[in-house]
Each structure stands twice: as C-alpha cells, then as structure tokens.
Amino acid sequence: GNSVTQMEGPVTLSEEAFLTINCTYTATGYPSLFWYVQYPGEGLQLLLKATKADDKGSNKGFEATYRKETTSFHLEKGSVQVSDSAVYFCALSSGGSNYKLTFGKGTLLTVNP
Amino acid sequence: DVKVTQSSRYLVKRTGEKVFLECVQDMDHENMFWYRQDPGLGLRLIYFSYDVKMKEKGDIPEGYSVSREKKERFSLILESASTNQTSMYLCASSGGVRGQPQHFGDGTRLSIL
C-alpha cells in the first residue's frame with residue numbers, strides 16, 4: 001500500500017534560517033506528490049505539488065523536487081519567517097483511487113524572531 | 001478560488017446525540033472527503049464520495065455515516081455521539097483528474113460532553 005514518512009517534529013528555527021523537512025514515500029504506480037500547510041486554527045492549504053519525476057513545485061519561497069530514484073519530496077526554504085510557523089504535511093495520491101490522498105503525520109515548525 | 005465551507009467552526013454536543021456536520025463546495029468537484037485530525041495521529045479518512053449518492057468507507061468509518069444528495073454538499077453524521085469522537089473534522093473536495101489536489105475547509109472542532 002501507499003505510505004508517507006516525514007521527519008518528526010517539532011522543528012524550531014530562528015528567523016532567516018534554512019529549512020528542510022524530509023519526506024519519503026512508498027507508492028504503487030506513479031504518484032502525485034503534495035505539500036500542505038496548516039496554520040493554527042485553520043484547515044489545510046495546498047502549498048505546492050509535483051506530478052512527475054524531476055518536477056519541482058514551488059510557492060511562497062518553498063520548493064520541493066520529485067525524486068523518483070530516492071522516493072523523496074523534501075520541502076525546503078532558504079530563509080524562513082515567523083509567519084511560516086505552522087504544521088506541514090507531505091501527501092501523495094497514486095494507484096487506482098487517484099483522488100485519495102495518503103498523508104504523513106505532519107511536522108510542526110516554529111520560527112522565532 | 002475553490003471554496004469549501006463547513007457549517008460550524010465550533011460545536012458542542014452531548015453523548016448519545018445525533019450530530020450532523022455539513023460541507024459545501026463551489027467548484028463542481030466530483031470527489032468529497034471527511035477526515036478527522038487528532039494530535040499524534042495526523043489526518044485519518046472517515047468516508048469519501050466520488051459522485052452523488054456514491055460513498056466509500058475510509059480508514060475509520062465506525063460510528064459515522066455520510067450523505068451526498070447533491071453534488072456540492074457532503075454531510076457527515078455521527079449516529080450516536082460518543083466522547084471519543086471529540087476531534088477536529090475536516091472536509092475536502094477535488095476534481096476527478098490525476099494530480100488534482102484536495103481543497104480543504106477550515107474545519108469543525110467538535111466536543112462531545
């Protein structure tokens with residue numbers, strides 16, 4: 001079956017630090033990969049996505065590259081801000097039910113001024 | 001922009017009550033989903049629907065049912081609420097094309113007393 005493993009949190013950084021949140025997956029077929037962000041008290045928002053190998057998704061300074069050879073989709077940002085404090089979820093859709101998502105457990109990021 | 005609207009942000013009910021959570025989307029999406037989110041457990045899929053009047057069980061359907069009489073509306077029903085159903089409930093919708101993301105509502109924080 002499908003599964004997503006992302007680094008355990010919480011992650012605490014100072015403003016302007018470099019961020020990496022690791023995500024690896026197991027999937028049948030050729031999955032589409034997503035990063036979602038959840039700010040306190042809100043639902044999930046799509047941050048970025050990639051649908052085929054070597055695609056790079058990017059948004060709001062965040063990037064992630066679909067690496068088929070290492071089955072990874074790591075989230076990076078060069079310089080985090082306090083406003084980036086949130087929970088980040090890696091997810092994939094694959095197989096016959098290509099509209100269902102499999103989520104990682106989420107990583108809490110706190111950015112201090 | 002896709003809008004997914006959940007009827008209540010906060011809800012308090014009593015044990016044994018029948019509880020209805022409503023979700024409406026405005027993008028004519030085929031697929032709709034109900035998740036619950038609990039600390040340490042991430043997001044778990046309760047039910048989803050891929051068409052009007054069609055539904056499938058997710059990972060944790062016990063104690064819940066759903067209704068989709070119109071394409072834009074997907075209801076989650078707690079037949080007889082129990083304290084272990086206290087949780088954050090998230091609704092989502094998506095189109096039926098490979099790689100399309102799910103779009104989430106803001107969530108309903110439900111407390112069962």
Side-chain angles (χ1 to χ4, degrees), chain A residues 1-10 21 23 25 27-53 55-57 59 64 66 73 86-108, chain B residues 1-10 21 23-25 27 29-51 54-61 74 87-109:
Chain A
N2 298 333
S3 67
V4 174
T5 303
Q6 62 181 102
M7 63 188 285
E8 303 252 343
I21 300 178
C23 172
Y25 66 88
T28 55
Y30 299 95
S32 297
L33 302 173
F34 307 88
W35 277 101
Y36 283 85
V37 59
Q38 185 177 32
Y39 298 104
E42 298 184 11
L44 274 71
Q45 299 176 25
L46 178 68
L47 183 58
L48 52 86
K49 70 172 190 176
T51 57
K52 62 182 189 298
D55 268 2
K56 177 186 280 189
N59 186 25
Y66 188 143
F73 192 54
V87 180
Y88 292 82
F89 292 91
C90 185
L92 69 83
S93 65
S94 182
S97 300
N98 63 16
Y99 37 75
K100 287 173 64 177
L101 286 179
T102 300
F103 286 92
K105 290 274 175 67
T107 302
L108 173 61
Chain B
D1 271 358
V2 177
K3 185 102 175 120
V4 179
T5 303
Q6 295 184 229
S7 52
S8 305
R9 290 299 302 273
Y10 301 94
L21 303 183
C23 176
V24 177
Q25 50 96 1
M27 281 300 292
H29 280 162
E30 290 85 353
N31 308 309
M32 296 189 74
F33 308 82
W34 276 107
Y35 297 88
R36 64 177 284 176
Q37 184 178 20
D38 300 288
L41 297 177
L43 281 86
R44 293 180 291 169
L45 181 65
I46 303 171
Y47 267 98
F48 69 99
S49 168
Y50 51 90
D51 201 350
M54 307 303 288
K55 61 187 179 185
E56 281 194 28
K57 294 179 180 179
D59 301 317
I60 51 163
F74 191 36
S87 186
M88 170 72 94
Y89 289 87
L90 293 166
C91 175
S93 73
S94 73
V97 176
R98 178 187 179 278
Q100 285 201 1
Q102 291 183 16
H103 300 269
F104 284 81
D106 284 338
T108 296
R109 187 162 292 283

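Note that the coordinates shown come from a computational prediction; the quantities given were computed from them, not determined experimentally. Here is how names work: the chains are called A, B, and so on, in the same order as the sequence lines, proteins then strands, and each is numbered from 1.
Both the backbone and the side chain of B:Asp106 come within contact range of chain A, judged by heavy atoms closer than 4.5 Å. With a 4.5 angstrom heavy-atom cutoff, A:Leu44 touches chain B via backbone and side-chain atoms both.
Shown here is B:Arg109, whose CZ atom has no more than 12 heavy atoms of other residues, nucleotides or ligands within 6.0 Å.
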Please report, to 0.1 Å, the donor-acceptor pairs under 3.5 Å made by any side chain of residues 101-108 of chain A, with sequence neighbours excluded.
unit_1, atom_1, unit_2, atom_2, d
A:Thr107, OG1, A:Gln6, NE2, 2.9
A:Thr107, OG1, A:Met7, O, 2.7

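In terms of the ring pair (Phe, Tyr, Trp, His ring centres under 6.0 Å) criterion, residue partners of B:Phe104 (sequence neighbours excluded) are, by chain and number, A:Tyr36, B:Tyr35.
Rounded to the nearest 0.5 angstrom, A:Glu42 CD and B:Arg9 CZ are separated by 7.0 Å.
The shortest distance between side-chain heavy atoms of A:Gln38 and B:Gln37 falls below 4.5 Å.
Contacts with chain A were tallied for B:Leu45, B:Asp59, B:Leu43, B:Leu90; B:Leu43 has the most, counting heavy-atom pairs under 4.5 Å.
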